[in-house]
Amino acid sequence: MADLSTDCLGLRGQRVLVTGAGGGIGRAVVERLLAAGSQVVAVDLPGVHCPAGTESIPTDLGCSAAVRQLAQAVGGADNPLHGLVHCAGITRDGVLWKLSDEDWDDVMRVNLSSSFYLLREMIPLMRERGGAITLISSINGERGKFGQGNYAASKAGLIGLARTAAREGGRFDIRVNVIAPGLIQTSMTKELPAKVTEAALQESVLGRLGTAEDVAGVALFLCSQLARHVTGQVLRVDGGQLIA
Ligand code: NAD
């Protein structure tokens, strides 16, 4: 057994791609990985600033051709890809009877289709040495949420997609897991009405709302060798908002 005392995470020098790296959760994941000694490829939309100390590759992940280009750039490097943490995501909230085709399509494209594009392109890059993939879903993908039909459907879809990828990737030692956060304080949630935030606080059995760092810690664990026997799982990071 490896000496876990020196580098129990096994992430030193490992190349990990983080999407949504300019956002709240993605940025926190990048910082954790950098602190663990990883080489980080940071992906976000063109014009969005990604953290220092990373290799930044601006990409619209909702575009299949752009994700293919991203994979070509990542695959050409000397150090093969070890991990992917897919944090990019959007909301376009509205009750179902007011939701436009555009709001439906945008959310499905950015949250769900992007995940398919990434899995299709990145799994082949990891097949030789194995790897760890983490998709960020939401507890609202499991329970549904008033005003979030598009978002909840996209986040539920991620779970089926990830479990399929876990089954298909297992023989190559590629692990695929999902994190389902509860309400996390980031730019995505800062405009929410106070009553929504208050309701989430009431649901939390820990009596607090989550931070981006709370999610990043679990993402780091899933990426690391500590989680070498964990795949096909959905880990809620929600302070017990959804205990079922
Ligand atoms: P955020 O808005 O701070 O960050 C999201 C990032 O994704 C942004 O930097 C944005 O530019 C990027 N992005 C959007 N569209 C993109 C595209 N087409 N291509 C590339 N990048 C794109 O949000 P966050 O709170 O950090 O959310 C991160 C993930 O966690 C999302 O998938 C979100 O759905 C999920 N999540 C968040 C919460 C929460 O309460 N904040 C709860 C559950 C799940």
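Note: hydrogens, waters and symmetry copies are ignored here, and every other heavy atom, side chains too, is used. Start at 1 and go down the list; that is how both ligands and their atoms are numbered.
Polar contact with ligand 1: present for I25 (N/O pair, distance under 3.5 Å).
Here T189 has side-chain heavy atoms under 4.0 Å from ligand 1, and that is the only part of it that gets that close. For S137, every heavy-atom contact with ligand 1 shorter than 4.0 Å involves the backbone, none the side chain. Looking at K155 against ligand 1, only its side chain comes within 4.0 Å, counting heavy atoms. By the criterion of a heavy-atom distance under 4.0 Å, the side chain of I90, and not its backbone, is placed next to ligand 1. Of all the heavy atoms of L45, the ones lying under 4.0 Å from any atom of ligand 1 are found in both the backbone and the side chain. Looking at D60 against ligand 1, both its backbone and its side chain come within 4.0 Å, counting heavy atoms.
Under a 4.0 angstrom heavy-atom cut-off, G210 registers as lying outside contact with ligand 1. Ligand 1 does not have A21 within reach: every non-hydrogen atom of the residue lies 4.0 Å or more from it. Heavy atoms of T59 come nearer than 4.0 angstrom to ligand 1 in at least one pair.
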Stepwise salt bridge (Lys or Arg N to Asp or Glu O under 4.0 Å) test for R236 and E142
CA-CA 10 Å; R236 293 186 196 135; E142 298 186 83; 2.9 Å; yes
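At a threshold of 4.0 Å, the pair R15-E55 counts as salt-bridged, since one of the basic side-chain nitrogens sits closer than that to a carboxylate oxygen.
The two residues Q14 and H82 come nearest to each other via the heavy atoms OE1-CB, 3.4 Å.
Counting heavy-atom neighbours within 6.0 Å of R143 CZ, excluding the residue itself, gives a total above 12.
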